[in-house]
Amino acid sequence: MADVHLNIAGRPYDVHCADGQEEQLRQLAALVDEKARGIQGGTEVRQLLFAALMLADEASEARGKVQKAEPQSDSLRAAVALAESREAAARDELHAAQAREQQALGEARAAAEREAAARAELEKLRQGAPATSASPAGRHDRALMQIADRIEALAVTAEQMA
Amino acid sequence: MELDLDESSLAIGRIERALSRIEKALADRANRPAPATAAPAADASALKAEVAAVIGELDRLIAEAKNG
């Protein structure tokens with residue numbers, strides 16, 4: 001136990017407290033002394049009574065503020081949770097959008113490569129590069145046209161002979 | 001098999017019309033009295049050779065079309 005000498009409202013007091021709590025006890029005594037000295041007139045007991053009443057009033061007011069703040073704290077916590085949830089959803093959506101963008105970029109790149117290859121092939125054909133093989137249908141059409149020419153010539157001859 | 005219908009249809013139409021003309025000319029010739037002067041033998045021979053060549057070409061083309 002520690003002995004502490006206090007002076008409140010002009011009167012000395014010797015009190016005991018647990019070791020290590022001396023400074024806290026002095027601060028509390030200073031608060032009571034300040035309140036008591038702020039009250040002018042009256043007896044010492046009256047000064048201490050009013051100091052005790054004022055400190056009780058402050059304590060009551062502080063307790064009310066704490067109780068009033070608790071619902072606000074709950075709302076604040078809920079708002080924070082909601083914001084965190086929305087942030088997580090937005091982050092997921094962002095990742096999904098980035099993945100879609102990457103996929104679209106890949107597809108566009110592949111399409112561009114296919115288009116470039118097709119253009120190169122077309123250009124090669126335009127420049128008279130040897131065709132890999134003539135279309136069978138095209139060959140048949142040309143042969144049919146030549147046969148038609150020859151049969152028409154035969155028809156002319158037949159008509160002349162008739 | 002790819003088919004250019006415009007080209008092949010046009011050719012076949014021309015062949016059909018030419019054959020009809022030949023048939024008509026031959027029928028007219030058969031129904032008419034024999035002409036005083038027959039066609040020279042060389043011309044007739046060339047005509048036959050051309051008919052045979054065209055038939056051969058058609059056969060070859062048909063076979064090629066069938067075999068792809």
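Lettering of chains follows the sequences in order, A, B, ..., and the numbering in each one begins at 1.
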| remark: When the 4.5 angstrom heavy-atom criterion is applied to B:Leu19 and chain A, the contacting part is both
| task | Measure B:Leu58 against the heavy atoms of chain A and call it side chain, backbone, both or neither at under 4.5 Å. | result | both
| task | Flag the pair A:Glu58 and A:Lys35 as a salt bridge only when some basic side-chain nitrogen lies within less than 4.0 angstrom of an acidic carboxylate oxygen. | result | yes
| At a heavy-atom separation under 4.5 Å, does B:Ala53 approach chain A through its side chain, its backbone, both, or neither? | both
| query | Has the side chain of A:Ser85 got a donor or acceptor atom that lies under 3.5 Å from a matching backbone atom of A:Ala81? | reply | no
| said: Looking at A:Glu93 and A:Arg100, is any side-chain nitrogen of the basic one under 4.0 Å from a carboxylate oxygen of the acidic one? | reply: yes
| query | Is A:Arg11 atom CZ crowded by more than 12 heavy atoms from other residues, nucleotides or ligands, each under 6.0 Å away? | reply | no
